[in-house]
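Heads up: the structure comes next, in structure tokens.
Note that the structure is predicted; figures quoted are calculated from it, not measured.
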Amino acid sequence: MTLVSLGDLAQSFLLKAQTSRLKGEVGRITQELSSGRVADIGAALSGDLSQLTSVSRARSVTTGFQSGAREAATQAAATQSALAAIAGATQSLVTPLLTASQLDLTDQIALTGVDARSRLDSVLATLNTSVGGRSLFSGQAVHSPAVIGAEPLMAALRTELVGATTAQEAMTRISAWFDAPAGYRAVAYQGGVPLENVAVSATDRVWLGVTAEDPALRATLKGLTAAALISDITSPLPVSEGKALARLSAEALMAGQDALTNLSARLGISEGRIEAAQSRNATDLLAHEMAQADMIRSDPERLAMEMEAVQTNLETVFAITARLSRLSLTDFLR
């Protein structure tokens, strides 16, 4: 029988290799126990990563939809708040306008017009609100203000009203200017076309296409600009028409209030759908995470058995190493 022996240097390298391998196993087992995940995913799945890839992709897609839904919810809430501010600013002006239309007090009528001019500044500023660097009422032109300032707007209307002698004629011209493509849309509105419906889940797309060019907002601006003209010293209308213009302005604002309410309700439907989509996305994400975790979860019982076996082997290697390190010529000759 042929005996094969190893030299001292070969034995030393062999023991070092065995020790390094066993320590690596200890590190792997410790990592899997602490993280709860297998270290070698490919081995755990027998090389078939298709199902894991599919689940990971579905999770990434759902995460993207959830991010879009959060942004949509923020935009919808901010838009709803802006609409409420506009409605509040204009609604509280209706009663003073109606009161002024019943009085023969020139100063009172003029003060109502001054109040309307101040509110026009506020409403236009609200229409130019931005959230996260995106203009709320500019449609797809998210980096542009939605409307021009109050003074350029009033200047455009003054030009339009040249030659008007009655409040009714002025109101007719104002309404026509706000509705004409060459009027408000071309001169005052600086935004773009409405936003396309936003995807908030795999199956849901919601409407967030409110712009400053919306008929409800134009209707509100008709009444507000008409009221501001009451105290405008450069208005072509005679002072005697102030009462009539106050009444017509109040009627236009009331019509605008109804349109704003409908617009806010439509946006509220989108908010409800966004909230429902967020809930479904959260449920789907949890399901994907659980499925992914099940595929790569480590087995504590198996790891405990492996750790015990590795510990025994490591102790054996250490014992052999210690014995060889103490070996002398006398012990070898025995």
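Salt bridge status for D284 with R280: absent, with no side-chain N to carboxylate O gap under 4.0 Å. Between R119 and D115 there is a salt bridge, with a side-chain nitrogen of the basic residue lying less than 4.0 Å from a carboxylate oxygen of the acidic one.
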- Test log, rule side-chain hydrogen bond (donor to acceptor under 3.5 Å, both in side chains), inputs Q278 and Q66: CA-CA 6 Å; Q278 285 182 299; Q66 188 71 324; 4.9 Å; no

- Test log, rule side-chain contact (heavy atoms from CB on, under 4.5 Å), inputs W177 and V187: CA-CA 10 Å; W177 185 83; V187 177; 3.9 Å; yes

- Task: Might you work through the side-chain contact (heavy atoms from CB on, under 4.5 Å) test for Q102 and R247, ending with a clear yes or no?
- Result: CA-CA 8 Å; Q102 302 298 320; R247 177 180 57 80; 5.5 Å; no

- For the pair T129 and T126, evaluate side-chain contact (heavy atoms from CB on, under 4.5 Å) and give the outcome as yes or no after the intermediate values. CA-CA 5 Å; T129 299; T126 302; 4.2 Å; yes

- Candidate pair S138 and Q190, rule side-chain hydrogen bond (donor to acceptor under 3.5 Å, both in side chains), full reasoning: CA-CA 7 Å; S138 292; Q190 296 184 306; over 6 Å; no

- Message: Run the side-chain contact (heavy atoms from CB on, under 4.5 Å) test on V94 and L98 for me, step by step, so that the C-alpha distance in whole Å, both residues' side-chain angles and the decisive distance to 0.1 Å come before the verdict.
- Response: CA-CA 6 Å; V94 172; L98 290 176; 3.9 Å; yes

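Between R158 and V162 the shortest side-chain heavy-atom distance does not fall below 4.5 Å. Under the 4.5 Å side-chain criterion, counting only non-hydrogen atoms from C-beta, Q75 is not in contact with V131.
Panel note: side chain T261, backbone Q257; a donor-acceptor pair is recorded below 3.5 Å. In terms of modelled atom types and a separation under 3.5 Å, the side chain of S175 and the main chain of T172 share no donor-acceptor contact. Between the side chain of S67 and the backbone N or O of T63, no donor-acceptor pair lies under 3.5 Å. When atom types are taken as modelled, the side chain of N281 and the backbone of A277 share a donor-acceptor pair closer than 3.5 angstrom. No donor-acceptor distance shorter than 3.5 angstrom exists from the side chain of S81 to the backbone of A77, with no hydrogens or angles considered. Between the R185 side chain and the D179 main chain, a donor and an acceptor come within less than 3.5 Å of each other. Not one N or O on the side chain of S122 forms a donor-acceptor pair closer than 3.5 Å with the backbone of S118. Looking only at distances, no side-chain donor or acceptor of Q140 sits under 3.5 Å from a matching main-chain atom of G192. R218 places no side-chain N or O within donor-acceptor distance of the main-chain N or O of Y184, the cut-off being under 3.5 Å.
A pairwise comparison of heavy atoms in A212 and L217 identifies CA-CD1, 3.8 Å as the closest pair. The shortest heavy-atom contact between G268 and Q80 is N-NE2, 3.6 Å. When all heavy atoms are compared, the tightest approach of G113 to S231 is C-OG, 3.1 Å. When every heavy atom of A252 is checked against every heavy atom of M171, the shortest pair comes out as CB-CE, 3.8 Å. Smallest separation of non-hydrogen atoms from S135 and S130: CA-OG, 3.7 Å. Heavy atoms only, all atoms of each residue included: V123 and A89 are closest at CG2-CB, 4.2 Å.
I174 CD1 to L221 CG: the interatomic distance, rounded to the nearest 0.5 Å, is 11.5 Å. Taking CZ of R205 as the start and OG of S270 as the end, the distance is 12.5 Å to the nearest 0.5 Å. Note: K222 NZ to L253 CG = 12.0 Å, rounded to the nearest 0.5 Å. With rounding to the nearest 0.5 Å, the separation of CE in M254 from OG1 in T220 is 12.5 Å. Distance check: S60 OG to F65 CZ gives 12.0 Å after rounding to the nearest 0.5 Å. Expressed to the nearest 0.5 Å, how far OG of S249 lies from CG of L229 amounts to 8.0 Å.
Hydrophobic cluster membership is shared by L224 and V210, with clusters built from Ile, Leu, Val, Met, Phe, Trp and Tyr side chains linked at under 4.5 angstrom. The hydrophobic clustering, which links ILVMFWY residues whose side-chain heavy atoms are closer than 4.5 Å, places F137 and L153 together. M154 is connected to I86 through a chain of hydrophobic side-chain contacts under 4.5 Å among Ile, Leu, Val, Met, Phe, Trp and Tyr, so both are in one cluster. Residues F178 and L260 fall within the same hydrophobic cluster, defined by Ile, Leu, Val, Met, Phe, Trp and Tyr side chains chained together at heavy-atom separations under 4.5 Å.
Tested against N128 for a side-chain contact (heavy atoms from CB on, under 4.5 Å), the candidates I148, L136, V147 yield a single pass: V147. Only one option out of L245, V114, L111 pairs with I230 in a side-chain contact (heavy atoms from CB on, under 4.5 Å); it is L245.
Within 6.0 Å of the CD atom in E151, the count of heavy atoms belonging to other residues, nucleotides or ligands exceeds 12.
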In a table with atom names and distances, give each donor-acceptor pair under 3.5 Å that connects a side chain of residues 194-203 to protein atoms at least two apart or in another chain.
unit_1, atom_1, unit_2, atom_2, d
S201, OG, T203, N, 3.3
S201, OG, D204, N, 3.0
S201, OG, D204, OD2, 2.8

